[in-house]
Amino acid sequence: SFCLLLLPTVFILLLMPACGSVTLHVFVEMCRYPLGMTGGQIQDEDISASSQWSESTAARFGRLDFDNGDGDGAWCPDIMSEPDGHKEYLQVDLRSLHFITLVGTQGRHADGMGNEFAQRYMIKYSRDGSNWVGWHDRKGRQVIEGNRNAYDVVLKDLEPPIIARFVRFMPVTDHSMIVCMRVELYGCEWLDGLMTYSIPDGHQMIYRGLDVYFNDSVYDGAAAERLTKGLGQLTDGTWGLDDFLHSHIYGMWPGYDYVGWSNKSFPKGYVEMIFEFDHVRNFTSMKVHCNNMFSRGVRMFRQATCYFRSGSEWEADPVTLRPAVDRVSQIARFVTVPLGDRTASSIKCRFHFSDLWLLFSEVAFQSGSAVYNTSLTPRDDPTHKVDDSNTRILIGCLVAIIAILLTIIVIILWRQVWQKMLEKASRRMLDDELTARLAVQTQAFSFHHSSLSSEGGSTSNSTYERIFPLCADYQEPSRLIRKLPEFAQSTEHLGKMVKVPPSGSDGAPHYAEADIISLQESSDSSTYSITAVNMNLFAGTDSSMKEFPRHKLTFKEKLGEGQFGEVHLCEAEGMQDFLDEVLSIEGNNESPLLVAVKTLREDANKNARNDFLKEIRIMSRLRDPNIVRLLAVCVDTDPLCMITEYMENGDLNQFLFMTSVSFVVSSARSYSKLIGMAVQIASGMKYLSSLNFVHRDLATRNCLVGKNYTIKIADFGMSRNLYRGDYYRIQGRAILPIRWMSWESILLGKFTMASDVWAFGVTLWEILTLCKEQPYSQLSDEQVIENTGEFFRDQGKQVYLPKPPCCPERVYTDLMLSCWRRNAKQRPSFQEMHTQLIESLA
């Protein structure tokens with residue numbers, strides 16, 4: 001695992017032509033380090049405030065989770081915070097620009113002597129100390145929900161993140177009250193040096209009657225026909241998808257990830273952008289993330305011409321790039337514009353159209369150290385000069401890279417030897433080694449924990465740094481399990497429920513991407529113990545599944561991809577000859593049929609290959625009108641393929657979201673259609689449960705929609721980039737849809753029909769909210785996991801999904817809430833829910 005953590009860093013180093021002088025674009029997922037309020041890296045003189053109640057509540061005491069004994073344990077302003085004022089603030093100077101993704105707050109506890117905290121607050125930030133901007137989220141909300149008591153730490157993701165040197169925390173109250181705060185900032189240094197960019201305001205596209213907006217909705221400067229003196233979506237660290245109609249951000253409008261322009265508004269044939277930096281820099285290159293969906297009139301730029309300025313005038317000799325226009329692949333990509341080590345503090349680039357539309361989602365710069373001389377600066381500052389001879393630096397970098405490569409090789413070889421030793425070890429030794437690694441809640445919520453050995457009880461510290469503080473009553477999952485009545489019978493039984501055997505050569509758990517029906521076997525190939533499948537159902541000789549000629553498959557679109565395979569939309573000629581009488585297909589028998597083709601990569605390991613073949617064997621026996629059917633296979637040669645039905649209206653999540661206007665939630669007819677969809681899902685799950693199948697990933701993204709609102713259950717969601725935000729990766733080991741999972745699945749790794757019932761309750765909630773928001777959208781992933789601990793403790797602190805506006809009270813209380821009961825045995829069966837849903841339509 002150490003090798004896997006090291007490889008991204010080495011990859012970044014290998015891309016650097018000169019050590020320490022070139023920076024890559026920020027990686028949002030990795031940019032979550034504490035910036036020094038708690039650790040003391042931020043000095044007292046860099047923490048200031050509008051006022052203080054007393055010397056013992058000065059600004060320097062406003063450090064999260066820190067008490068040196070000198071003060072009263074927090075910063076408190078001089079007067080009561082007023083609702084209409086927002087004048088009091090705690091200010092942090094980071095000394096340089098930083099990319100800030102997360103903030104944490106805490107009240108004044110003072111060992112039980114204080115009880116002041118900020119229930120809500122706002123954030124203002126500045127890059128130069130004079131121009132201040134109020135932060136708001138992607139939907140325009142400025143107020144952030146803060147603390148509910150004086151001692152717990154509350155963390156909030158900043159979406160969008162901010163680029164700033166100065167940050168102010170401003171408490172907000174509904175009535176006059178005394179508030180105190182302790183804070184921390186999380187992020188990383190902003191090495192691009194970009195202070196502002198100026199661009200034309202984005203345009204609106206009408207695509208097949210759909211309004212697609214390409215405006216820079218999070219720009220923090222002046223907005224008019226041209227945006228000036230600010231930063232926005234081009235520097236938020238989020239790259240747009242291949243299909244610009246979809247977004248990385250859940251619930252946003254079509255086109256949200258991109259800023260774009262139509263060539264009809266630019267008679268000169270280009271879009272001009274101006275970039276201003278913190279000081280004079282040596283620029284190596286510029287990376288521009290472009291959309292290239294030419295089937296919709298969008299292409300990457302035909303030519304980029306960049307001018308440079310170090311003083312008051314633009315230099316006459318620009319740098320020009322004419323990239324090869326890609327007329328084959330519609331994949332969005334970064335285009336690198338070499339800037340030839342030009343020196344400047346401002347860059348003006350003109351991007352020429354090669355089609356109707358030009359769409360950008362991100363712009364990043366690579367630059368070396370600033371270069372100053374007497375002609376550029378009013379005074380000669382020796383600290384800003386650069387040695388003309390870079391030979392020693394280059395040699396040092398090469399030596400460092402070689403050393404790192406040798407280290408990687410040694411680690412890889414050692415890892416292979418270690419895996420072989422594990423294969424020869426006894427099952428008992430293997431279980432003892434890996435039992436503690438099932439601490440799902442701890443790894444996801446804290447980035448470090450103490451793992452208990454199964455016999456000695458000794459502790460071992462993780463290498464991950466904790467940036468998500470644990471609540472005071474948090475318990476390790478191994479301790480939680482010991483308190484469960486159903487697992488307290490014997491230590492031996494307990495051990496069997498929490499062992500973590502390996503899955504595949506890489507040690508990653510088997511939660512297979514793009515599985516249509518997850519293979520359910522309680523064996524060594526599964527990461528989590530689940531209810532055993534009645535494999536007698538599938539004993540004996542496999543039913544013959546016909547081999548389909550590969551040359552009759554025509555690729556249309558890639559639907560998604562996973563670790564070991566891909567899912568494609570294809571046309572299949574002559575597929576009607578492979579269908580049985582039950583599966584009727586409308587239309588001309590000679591016309592090609594749209595199908596979904598799941599392929600296994602040729603380099604997939606042996607375990608993935610075996611799972612793929614087992615999945616074919618099991619799916620070939622599934623016969624239900626609400627389950628996606630396996631039509632044929634291609635297994636004579638690699639790559640292995642399985643061909644399944646494809647529903648013309650796509651998945652239910654996007655279908656409801658994109659057609660929500662047609663559903664009037666107060667209409668009885670619309671409600672009946674929505675419940676009719678839920679009835680079909682319940683019917684399909686009733687069939688699976690009768691075979692003792694556990695789906696493990698039931699959600700609207702995994703339900704396909706055909707004509708007349710026909711619904712069929714599948715399992716494509718995990719393989720699609722569109723839904724990557726629905727899955728939580730636990731330090732590279734497991735990928736889990738935690739917002740749909742029952743508490744016992746997250747904490748204990750226990751998947752049963754009852755956990756599928758829990759997921760059905762969430763799926764029903766999605767349907768009745770028209771998929772307008774993600775479940776628990778107000779909670780971060782870490783808070784969702786913490787909430788599962790509240791379900792286990794069952795002290796009335798757990799948070800439930802709210803009742804949808806169009807949902808009758810009886811359906812919510814008698815059906816949804818019953819799906820989320822703590823005791824799995826008290827949850828209804830799919831047979832009962834199917835009947836209850838039909839009765840609700842009467």
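- A donor atom on one side chain and an acceptor atom on the other are not found under 3.5 Å apart for D781 and Y728.
- The salt bridge (charged side-chain N to carboxylate O under 4.0 Å, His left out) test applied to R127 returns D220, not counting sequence neighbours.
- Residues forming a side-chain hydrogen bond (donor to acceptor under 3.5 Å, both in side chains) with Y219 (at least two apart in sequence, or on another chain): none.
- Looking at residues two or more places apart in sequence or on another chain, you find a side-chain contact (heavy atoms from CB on, under 4.5 Å) between Q43 and E45, D46.
- F277 meets the ring pair (Phe, Tyr, Trp, His ring centres under 6.0 Å) test with F283, F365; sequence neighbours excluded.
- Residues that satisfy the side-chain contact (heavy atoms from CB on, under 4.5 Å) test with R60, not counting sequence neighbours, are D44, E55, A58.
- Aromatic ring orientation, F334 versus W239: perpendicular (interplanar angle above 60°, classes split at 30° and 60°).
- Between the side chains of W740 and E766, at least one donor N or O lies within less than 3.5 Å of an accepting N or O.
- A side-chain N or O of T105 and one of N147 form a donor-acceptor pair less than 3.5 Å apart.
- Side-chain N/O atoms of E276 and S346 include a donor and acceptor closer than 3.5 Å.
- Ionic pairing of K797 and E790 is not present here: no N-O contact between side-chain nitrogen and carboxylate oxygen is shorter than 4.0 angstrom.
- Judged purely by distance below 3.5 Å, without hydrogens or angles, the side chains of R138 and S217 never pair a donor atom with an acceptor atom.
- The side-chain contact (heavy atoms from CB on, under 4.5 Å) test applied to Q41 returns no partner, not counting sequence neighbours.
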